[in-house]
Amino acid sequence: QVQLAESGGGLVQAGGSLRLSCAASGGTFSRFAMGWFRQAPGKEREFVAGISWSAIGTLYADSVKGRFTISRDNAKNTVYLQMNTLKPEDTAVYYCAASTALYSDRNSRGYNWWGQGTQVTVSS
């Protein structure tokens, strides 16, 4: 059973930065594609970014492209989401997810395991 634990969320002013981390345990992390999703109050969960098992392939939602960067350290079993130039509309609970596929997917159904989420709040 794979377990995922997010950290790094918090309150930040618009224009600021945060780096989220997601530590994985219980599986072969280096063989998983990883993704970040977010869910704002009253909205559906949406894809934010994804990274392939080897980190060669990355995907981003149009709303975060150029501002967010996903990366991974397979030696540390950790995936990161660097978030820059944050906007109030980025406020949400952010979840990391792991997939047994080698390449990431924009569809949440492509993921097998999910973390509990970490709150990100961006004030205007």
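Because the structure is predicted, anything quoted here is derived from the model rather than measured.
In the hydrophobic clustering of this structure, Tyr80 does not group with Trp113; members are Ile, Leu, Val, Met, Phe, Trp, Tyr whose side-chain heavy atoms approach within less than 4.5 Å, directly or through other members. In this structure, Met83 is a member of the same hydrophobic cluster as Ile70, with clusters built from ILVMFWY side-chain heavy atoms closer than 4.5 Å. Put simply, Tyr95 and Leu81 are part of two different groups of oily side chains (I, L, V, M, F, W, Y) that touch within less than 4.5 Å, one to the next. Tracing side-chain contacts under 4.5 Å through hydrophobic residues (I, L, V, M, F, W, Y), one reaches Val93 starting from Trp114; they form part of the same cluster. Connection of Ile51 to Leu18 is established within a shared hydrophobic cluster, with ILVMFWY side chains joined at heavy-atom distances below 4.5 Å, either directly or through further cluster members.
Checking side-chain atoms of Tyr111 against main-chain N and O of Cys96 turns up no donor-acceptor pair under 3.5 Å. In this structure a side-chain-to-backbone donor-acceptor pair under 3.5 Å is present from Ser99 to Gly110. Remark: the backbone N or O of Thr91 is not paired with any side-chain donor or acceptor of Thr121 at under 3.5 angstrom. Arg31 places no side-chain N or O within 3.5 Å of a backbone atom of Gly27 that could act as its donor or acceptor partner.
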With side chain to side chain contact (heavy atoms under 4.5 Å, CB included) as the criterion, how do Val2 and Asn112 come out once you've worked through the C-alpha distance, each side chain's angles and the decisive distance to 0.1 Å? CA-CA 9 Å; Val2 176; Asn112 304 89; over 6 Å; no
Starting from the C-alpha separation in whole Å, work towards a yes-or-no answer on side chain to side chain contact (heavy atoms under 4.5 Å, CB included) for Trp53 and Tyr103. CA-CA 6 Å; Trp53 67 279; Tyr103 292 90; 4.2 Å; yes
Asn84 vs Ser17, side chain to side chain contact (heavy atoms under 4.5 Å, CB included): CA-CA, chis, key distance, verdict: CA-CA 4 Å; Asn84 298 329; Ser17 299; 3.0 Å; yes
Do Val64 and Arg38 pass the side chain to side chain contact (heavy atoms under 4.5 Å, CB included) test, and can you show the C-alpha distance, the side-chain angles, and the key distance before you say yes or no? CA-CA 12 Å; Val64 307; Arg38 66 187 182 187; 4.0 Å; yes
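Salt-bridge annotation for Asp90 and Lys87: absent, with no side-chain N of the basic residue lying under 4.0 Å from a carboxylate O of the acidic one.
Atom CD of Glu46 sits in a crowded spot, with more than 12 heavy atoms from other residues, nucleotides or ligands closer than 6.0 Å. Around the CD atom of Glu89, the shell of radius 6.0 Å holds more than 12 heavy atoms that belong to other residues, nucleotides or ligands.
Closest approach of Phe47 and Tyr60 over heavy atoms only: CE2-C, 3.9 Å. Of all heavy-atom pairs between Gln119 and Ala92, the closest is NE2-O, 3.5 Å. Scanning all heavy atoms of the two residues, the minimum distance from Asn74 to Asn77 falls at O-OD1, 3.2 Å. Between Ala33 and Ser104, the shortest heavy-atom distance links the atoms CB-N, 3.5 Å. Minimum heavy-atom separation, Glu6 to Gln116: OE1-N, 3.1 Å. Residues Cys22 and Leu4 come closest through the heavy atom pair SG-CB, 3.9 Å.
Arg72 forms no cation-pi arrangement with Phe32, by the criterion of a distance under 6.0 Å to the ring centre and an angle within 45° of the ring axis.
The OG atom of Ser30 lies 10.0 Å from the CG atom of Leu102; values are rounded to the nearest 0.5 Å. In this structure, Met34 CE and Ser52 OG are separated by 12.0 Å, a value rounded to the nearest 0.5 Å.
Between Trp36 and Phe68, a ring centre-to-centre spacing not shorter than 6.0 Å is recorded.
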